[in-house]
There are 2 protein chains.
Amino acid sequence: MARIPHETFDCAVGCSVEATLNLIGGKWKGVILYRLLAEQVLRFNELRRFLPNITQRMLTNQLRELERDGLVARKVYAEVPPKVEYRLTAHGQTLAPVIAALKQWGDAHIEDGTIKVPTEAG
Amino acid sequence: MARIPHETFDCAVGCSVEATLNLIGGKWKGVILYRLLAEQVLRFNELRRFLPNITQRMLTNQLRELERDGLVARKVYAEVPPKVEYRLTAHGQTLAPVIAALKQWGDAHIEDGTIKVPTEAG
DNA sequence: CGGCATCCGTGATGATACTG
DNA sequence: CAGTATCATCACGGATGCCG
């Protein structure tokens with residue numbers, strides 16, 4: 001995928017498209033957001049189970065970015081063993097139509113074979 | 001944003017979201033698609049004018065990927081000076097709702113200040 | 001369990017110069 | 001005009017190991 005530095009940003013009119021992509025375009029953010037949209041609340045390792053190939057580091061990373069961008073909320077329980085829950089913020093919830101559009105398009109064109117997803121886990 | 005290698009791909013259910021993002025998530029693809037959606041046909045340097053900070057190399061690159069993915073058609077005129085036109089394919093046109101969703105969300109949240117676009121050209 | 005720190009490779013992106 | 005070629009950089013992302 002194309003690496004998109006978070007600070008780097010420059011385009012003319014139509015930027016809003018890129019602005020949005022910059023938030024959800026991370027390598028795993030689409031799936032993360034999608035899962036959180038579907039499951040509401042997920043713990044770290046639950047999330048991990050949905051992303052078979054993601055490394056711990058990257059999952060943490062992507063979650064932190066989503067958190068920083070105000071899309072995901074992180075709730076830590078002062079327990080042993082540790083327990084951390086992730087859920088969408090109200091702001092994050094507003095992405096629902098966007099994610100839906102992405103998914104709908106993807107589904108449609110995966111079906112008709114126009115695009116491909118490497119058989120891996122999905 | 002995160003760079004999204006085209007071949008890399010692996011996720012569980014919900015992949016279609018990522019599959020779509022892998023096609024349009026390139027650093028400049030959003031704007032390119034948006035512009036082509038709006039203007040219908042654009043020449044190389046016209047496109048460039050819309051992307052003030054893109055390098056020639058990257059524009060070529062992104063266009064080739066979009067072409068490879070069947071979203072954009074490239075039409076070369078055997079003229080002097082050279083003339084090349086880019087437009088969306090029928091397949092590319094189907095992205096309209098997706099781009100619209102991205103733009104709408106971006107616009108809405110840029111307005112209310114929830115997200116920011118570095119003032120550059122847009 | 002849910003991280004964080006470190007080392008490190010690869011490839012995406014950029015700058016510059018040249019060509020048909 | 002519309003690229004291609006080459007070189008340099010550095011963010012992204014993987015692997016591993018330690019911690020509360």
Side-chain angles (χ1 to χ4, degrees), chain A residues 1-11 18 21-32 41-68 72-87 120, chain B residues 1-11 18 21-32 36 41-69 72-87 120:
Chain A
M1 96 167 82
R3 286 168 200 162
I4 305 173
H6 258 285
E7 316 331 327
T8 317
F9 203 101
D10 36 86
C11 56
E18 281 292 336
L21 281 175
N22 278 330
L23 296 184
I24 68 176
K27 185 169 183 183
W28 312 89
K29 292 185 184 173
V31 205
I32 294 176
V41 181
L42 286 172
R43 298 183 56 181
F44 190 83
N45 278 338
E46 288 176 334
L47 223 25
R48 237 178 125 180
R49 252 165 261 140
F50 284 119
L51 283 4
N53 292 338
I54 198 173
T55 59
Q56 241 176 5
R57 187 174 119 92
M58 279 314 296
L59 181 50
T60 302
N61 216 331
Q62 301 278 292
L63 285 170
R64 288 298 143 82
E65 291 191 4
L66 290 169
E67 200 187 347
R68 186 198 65 185
V72 163
R74 182 164 173 268
K75 186 170 185 180
V76 184
Y77 292 84
E79 296 180 5
V80 166
K83 176 177 173 184
V84 180
E85 289 179 347
Y86 293 92
R87 74 195 69 208
E120 197 297 313
Chain B
M1 118 169 64
R3 291 170 196 158
I4 307 171
H6 260 282
E7 315 330 327
T8 317
F9 206 100
D10 36 270
C11 56
E18 281 292 337
L21 280 175
N22 279 332
L23 295 184
I24 68 175
K27 185 171 185 183
W28 312 88
K29 292 184 185 173
V31 204
I32 294 175
L36 284 176
V41 181
L42 287 172
R43 298 182 57 178
F44 189 83
N45 278 338
E46 288 176 334
L47 223 26
R48 237 179 126 179
R49 253 166 259 139
F50 284 118
L51 282 6
N53 293 338
I54 198 174
T55 58
Q56 239 175 5
R57 189 176 118 89
M58 279 314 296
L59 181 52
T60 302
N61 215 331
Q62 301 279 291
L63 284 169
R64 288 296 143 82
E65 290 191 7
L66 290 169
E67 198 187 349
R68 186 199 64 187
D69 294 334
V72 163
R74 181 166 173 269
K75 185 169 184 180
V76 183
Y77 292 84
E79 297 180 6
V80 166
K83 175 177 173 182
V84 180
E85 288 179 346
Y86 292 92
R87 73 196 71 205
E120 197 300 311

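Chain letters run A, B, ... following the sequence lines, proteins first, then strands; residues in each count from 1. Below, each value reflects all heavy atoms present in this structure, side chains not excepted, and no hydrogens, waters or symmetry copies.
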Base, sugar-phosphate alone, or nothing: which one does A/Gln56 contact when heavy atoms must sit under 4.0 Å apart?
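A/Gln56: base contact, heavy atoms under 4.0 Å.
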Does B/Arg64 reach a base, just sugar-phosphate, or nothing at all? Heavy atoms under 4.0 Å.
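Sugar-phosphate, backbone atoms only, no base.
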Answer yes or no: does a side-chain N or O of [X] lie under 4.0 Å from OP1 or OP2 of [N]?
{"X": "A/Arg43", "N": "C/dC1", "value": "no"}
{"X": "A/Thr55", "N": "D/dG14", "value": "yes"}
{"X": "A/Arg74", "N": "C/dG3", "value": "yes"}

Find the distance between [atom1] ([X]) and [atom2] ([Y]) and round it off to the nearest 0.5 Å.
{"X": "A/Arg74", "Y": "A/Leu63", "atom1": "CZ", "atom2": "CG", "answer": "8.5 Å"}
{"X": "A/Arg68", "Y": "A/Leu23", "atom1": "CZ", "atom2": "CG", "answer": "8.5 Å"}
{"X": "A/Ile54", "Y": "A/Leu47", "atom1": "CD1", "atom2": "CG", "answer": "7.5 Å"}
{"X": "B/Asn53", "Y": "B/Arg48", "atom1": "CG", "atom2": "CZ", "answer": "11.5 Å"}
{"X": "A/Asn61", "Y": "A/Trp28", "atom1": "CG", "atom2": "CH2", "answer": "12.0 Å"}

For A/Arg57, which residues count as a side chain to side chain donor-acceptor pair (under 3.5 Å) partner, sequence neighbours excluded?
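Partners of A/Arg57 by the side chain to side chain donor-acceptor pair (under 3.5 Å) criterion come out as none, since no residue qualifies.
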Measure the distance from [atom1] on [X] to [atom2] on [N] and round it to the nearest whole Å.
{"X": "A/Ile54", "N": "D/dG14", "atom1": "CD1", "atom2": "C1'", "answer": "11 Å"}
{"X": "B/Asn45", "N": "D/dG3", "atom1": "CG", "atom2": "P", "answer": "9 Å"}
{"X": "A/Glu46", "N": "C/dC1", "atom1": "CD", "atom2": "P", "answer": "11 Å"}
{"X": "A/Asn22", "N": "D/dA11", "atom1": "CG", "atom2": "C1'", "answer": "14 Å"}
{"X": "B/Phe44", "N": "D/dT4", "atom1": "CZ", "atom2": "C1'", "answer": "11 Å"}
{"X": "A/Tyr77", "N": "C/dC1", "atom1": "OH", "atom2": "P", "answer": "17 Å"}
{"X": "B/Asn61", "N": "C/dG11", "atom1": "CG", "atom2": "P", "answer": "14 Å"}

Would you mind reading off the bend of the helix from C/dC1-D/dG20 to C/dG20-D/dC1 from its two end axes, five pairs each, to 10 degrees?
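The angle separating the two end axes equals 50°.
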Give every pair of a protein N or O atom and an N or O atom of nucleotides 6-8 of chain C that lie under 3.5 Å apart, one pair per line with the distance.
| from | atom 1 | to | atom 2 | distance (Å) |
| --- | --- | --- | --- | --- |
| C/dT6 | O4 | A/Arg57 | NH1 | 3.4 |

Tell me, please, which residues at least two apart from B/Glu46 pass salt bridge (Lys or Arg N to Asp or Glu O under 4.0 Å).
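Partners of B/Glu46 under the salt bridge (Lys or Arg N to Asp or Glu O under 4.0 Å) test: none.
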Hey, are A/Arg64 and A/Glu67 close enough for a salt bridge, meaning a charged N less than 4.0 Å from a carboxylate O?
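Yes.
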Hey, is B/Lys27 close enough to A/Glu18 for a salt bridge, meaning N to O under 4.0 Å?
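No, this pair does not count.
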Please report, to 0.1 Å, the donor-acceptor pairs under 3.5 Å made by any side chain of residues 75-85 of chain B, with sequence neighbours excluded.
| from | atom 1 | to | atom 2 | distance (Å) |
| --- | --- | --- | --- | --- |
| B/Tyr77 | OH | B/Glu85 | OE1 | 3.0 |
| B/Glu85 | OE1 | B/Arg87 | NH2 | 2.5 |

Could you check A/Phe50 against A/Leu42 for side chain to side chain contact (heavy atoms under 4.5 Å, CB included), going step by step and ending with a plain yes or no?
CA-CA 10 Å; A/Phe50 284 119; A/Leu42 286 172; 3.9 Å; yes
Strand contacts (DNA chain C) in residues 80-87 of chain A, 4.0 angstrom heavy-atom criterion
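Nucleic-acid contacts, sorted: A/Pro81, A/Pro82, A/Val84, A/Tyr86.
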